[in-house]
A.B. asks: 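Sharing a structure here in structure tokens format.
Along the sequence shown, residues carry numbers from 1. Reckoned from all heavy atoms, side chains included, excluding hydrogens, waters and symmetry mates.
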Amino acid sequence: MTLYGVMQAVLSVIFKLGFAIKVSGVENIPKTGGAVIASNHISLLDPPVLGVALPRQVHFMAKKELFANPVFAWVIEKLNAFPVQRGTADRVAIRKALSLLEQQELLVIFPEGTRSKTGALGNPEPGVALIAAKAGTPIIPTAIFGTNQVGKCGFRLPRFAVAFGPPIYPEPGKTDRDSLEILSQSMMKEIGRLLTEGNCQL
């Protein structure tokens, strides 16, 4: 078994028993083919939580700073992460993302580009819409709950939840600025809807 498989199995037990993780909308994840999983980002635990919640193996676009330590870089590379230079048009990372989607893989990108310190949804970077539009793959809007509450509830562990929304399909061949902006706003609006509905149910 690969390191990815081992970690997924171990974390699945931890998240289910310790954090009572609840996953909804799994039917929105395509059984085959590439797709971009676009999620809010509130904690360092978000990537492993998504790795457990998703029914298929997934790849992660992660900030370049995480790869500074060679040992940690080796581990997260084995867990399907690859680096991106935030705040720039990182062509190497974009090519890697497009290659994975062309290989029919799932790719997690956090459209805000960084963690939200307040839990509120921020503005999207343009990269997610651009990558999905160029690859011609759907965006799966996703909402994560509870991961930012670890250590804030005393001895009680918070509950984790993940909600996957219906796919959003980019218009074929539309990679101009206006089309990408519309796609980005549709994606963030759906993530916001999932967050609002999920918070009402928790």
A.B. asks: Any donor-acceptor pair under 3.5 Å linking the side chain of Thr196 with the backbone of Gly192?
C.D. replies: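 Flag set: sc Thr196 to bb Gly192 pair under 3.5 Å.
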
A.B. asks: Whether the side chain of Asn40 engages the backbone of Leu121 through a donor-acceptor N/O pair (distance < 3.5 Å, no angle test) should be reported.
C.D. replies: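 Side chain of Asn40 to backbone of Leu121: no pair is present.
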
A.B. asks: Can a donor-acceptor pair be found, under 3.5 Å and without considering hydrogens, that links the side chain of Ser99 to the backbone of Arg95?
C.D. replies: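 Answer holds: no.
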
A.B. asks: With a 4.5 Å limit on heavy-atom distance, are the side chains of Pro55 and Val26 in contact?
C.D. replies: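 They are in side-chain contact.
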
A.B. asks: Is a side-chain donor or acceptor of Glu197 paired with a backbone partner of Arg193 at a separation under 3.5 angstrom?
C.D. replies: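 Judged by distance alone, no pair lies under 3.5 Å.
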
A.B. asks: Tell me whether Leu100 shares a hydrophobic cluster with Leu50, the cluster being built from Ile, Leu, Val, Met, Phe, Trp, Tyr side chains joined at under 4.5 Å.
C.D. replies: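 No: no chain of side-chain contacts under 4.5 Å links Leu100 to Leu50.
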
A.B. asks: Can you name the closest pair of heavy atoms from Leu180 and Thr175 and give their distance?
C.D. replies: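 So the minimum-distance heavy-atom pair works out to CD1-O, 3.4 Å.
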
A.B. asks: Pair up each side-chain donor or acceptor in residues 130-158 with any protein partner under 3.5 Å, not counting sequence neighbours, and list the distances.
C.D. replies:
residue : atom : partner : partner atom : Å
Thr142  : OG1  : Ile140  : O            : 3.0
Thr147  : OG1  : Asp46   : OD1          : 2.6
Lys152  : NZ   : Asn148  : O            : 3.2

A.B. asks: Could you tell me if Glu112 and Asn123 have a donor-acceptor pair between their side chains, going purely by distance under 3.5 Å?
C.D. replies: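 Not at all, the side chains of Asn123 and Glu112 share no donor-acceptor pair under 3.5 Å.
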
A.B. asks: Tell me every residue that passes side-chain contact (heavy atoms from CB on, under 4.5 Å) with Asp178, counting only those two or more places apart in sequence or in another chain.
C.D. replies: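 Once residues adjacent in sequence are excluded, the partners of Asp178 under the side-chain contact (heavy atoms from CB on, under 4.5 Å) criterion are Asp176.
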
A.B. asks: Does any part of the side chain of Ile109, heavy atoms only, come nearer than 4.5 Å to the side chain of Phe60, both counted from C-beta?
C.D. replies: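 No, side chains not in contact.
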
A.B. asks: Does the side chain of Thr114 reach to within under 4.5 Å of the side chain of Arg86, using non-hydrogen atoms?
C.D. replies: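 With C-beta onward as the side chain, the pair touches.
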
A.B. asks: Following the transitive rule for hydrophobic clusters with a side-chain heavy-atom cut-off under 4.5 Å over Ile, Leu, Val, Met, Phe, Trp and Tyr, establish whether Met61 and Val75 coincide in one cluster.
C.D. replies: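 No, it is not one cluster - the side chains of Met61 and Val75 are not joined through contacts under 4.5 Å.
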
A.B. asks: Side chain to side chain contact (heavy atoms under 4.5 Å, CB included) for Leu54 and Val108? Distances and angles first, verdict last.
C.D. replies: CA-CA 10 Å; Leu54 285 159; Val108 167; 4.3 Å; yes

A.B. asks: Quick one, Ile37 with Ile29, criterion side chain to side chain contact (heavy atoms under 4.5 Å, CB included). Give me CA distance, side-chain angles, the key distance, then yes/no.
C.D. replies: CA-CA 9 Å; Ile37 311 299; Ile29 305 299; 4.0 Å; yes

A.B. asks: Please say yes or no: joined through hydrophobic side-chain contacts below 4.5 Å, possibly via intermediate residues, are Met7 and Trp74 part of one cluster?
C.D. replies: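 In one cluster: yes.
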
A.B. asks: Can you tell me how far CG of Leu194 sits from OG of Ser24, rounded to the nearest 0.5 angstrom?
C.D. replies: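 Reported value, rounded in 0.5 Å steps: 7.5 Å.
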
A.B. asks: Any idea which heavy atoms bring Glu190 and Pro166 closest together, and the distance?
C.D. replies: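 Scanning both residues, the minimum pair turns out to be OE2-CD, 3.4 Å.
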
A.B. asks: Kindly determine whether Gln8 and Ser12 satisfy side-chain hydrogen bond (donor to acceptor under 3.5 Å, both in side chains), including the steps that lead there.
C.D. replies: CA-CA 6 Å; Gln8 186 181 49; Ser12 180; over 6 Å; no

A.B. asks: Is the shortest side-chain heavy-atom distance between Gln185 and Lys189 below 4.5 Å?
C.D. replies: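 No. Closest side-chain heavy atoms not under 4.5 Å.
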
A.B. asks: Going by an N to O cut-off under 4.0 Å, is there a salt bridge joining Arg177 and Glu181?
C.D. replies: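 Not counted as a salt bridge, because no side-chain N and carboxylate O are separated by less than 4.0 Å.
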
A.B. asks: Looking only at heavy atoms, what is the nearest atom pair of Val6 and Met1, with distance?
C.D. replies: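 In this case the closest contact between Val6 and Met1 is N-SD, 3.5 Å.
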
A.B. asks: Are the side chain of Asn28 and the backbone of Phe164 linked by a donor-acceptor contact shorter than 3.5 Å?
C.D. replies: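 At least one qualifying donor-acceptor pair exists.
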
A.B. asks: Might you point out which heavy atoms bring Gly122 and Met188 nearest each other, and give the distance in Å?
C.D. replies: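 Nearest pair, atom of Gly122 first, then Met188: O-CE, 3.3 Å.
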
A.B. asks: How close do Leu11 and Pro48 get, counting heavy atoms only, and between which atoms?
C.D. replies: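 Here Leu11 and Pro48 meet closest at CD1-CB, 3.7 Å.
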
A.B. asks: Check whether Ile94 and Met187 end up in the same hydrophobic cluster, where Ile, Leu, Val, Met, Phe, Trp and Tyr are linked by side-chain heavy atoms less than 4.5 Å apart.
C.D. replies: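 Yes, it is one cluster - the side chains of Ile94 and Met187 are joined through contacts under 4.5 Å.
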
A.B. asks: Are the side chains of Val23 and Ile21 in contact, using a 4.5 Å heavy-atom criterion?
C.D. replies: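 With C-beta onward as the side chain, the pair touches.
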
A.B. asks: Once you round to the nearest 0.5 Å, how far does NE2 of His41 lie from CD1 of Ile191?
C.D. replies: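 His41 atom NE2 to Ile191 atom CD1 measures 12.5 Å (nearest 0.5 Å).
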
A.B. asks: Do you reckon Leu98 sits in the same ILVMFWY cluster as Phe82, going by side-chain contacts under 4.5 Å, direct or chained?
C.D. replies: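 The answer is yes; both residues are in one hydrophobic cluster.
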
A.B. asks: Rounded to the nearest 0.5 Å, what's the gap from CD on Gln85 to CZ on Arg91? Could you check?
C.D. replies: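 Output value for this atom pair is 13.5 Å.
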
A.B. asks: In the structure I gave you, are the side-chain heavy atoms of Glu77 and Phe67 within less than 4.5 Å of one another anywhere?
C.D. replies: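 Of all side-chain heavy-atom pairs linking Phe67 with Glu77, at least one is under 4.5 Å.
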
A.B. asks: Side chains of Leu66 and Ile76: closer than 4.5 Å at any heavy-atom pair?
C.D. replies: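 Touching, per the 4.5 Å side-chain cut-off.
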
A.B. asks: Please list, chain by chain and in numerical order, all residues satisfying side-chain contact (heavy atoms from CB on, under 4.5 Å) with Glu27, sequence neighbours excluded.
C.D. replies: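 None.
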
A.B. asks: Using side-chain heavy atoms (C-beta onward) and a distance below 4.5 Å, is Gln57 in contact with Tyr4?
C.D. replies: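 A side-chain contact under 4.5 Å exists here.
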
A.B. asks: Return the minimal non-hydrogen interatomic distance between Pro83 and Ala93, and the atom names on each side.
C.D. replies: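 Looking at all heavy atoms of both residues, the shortest contact is O-CB, 3.6 Å.
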
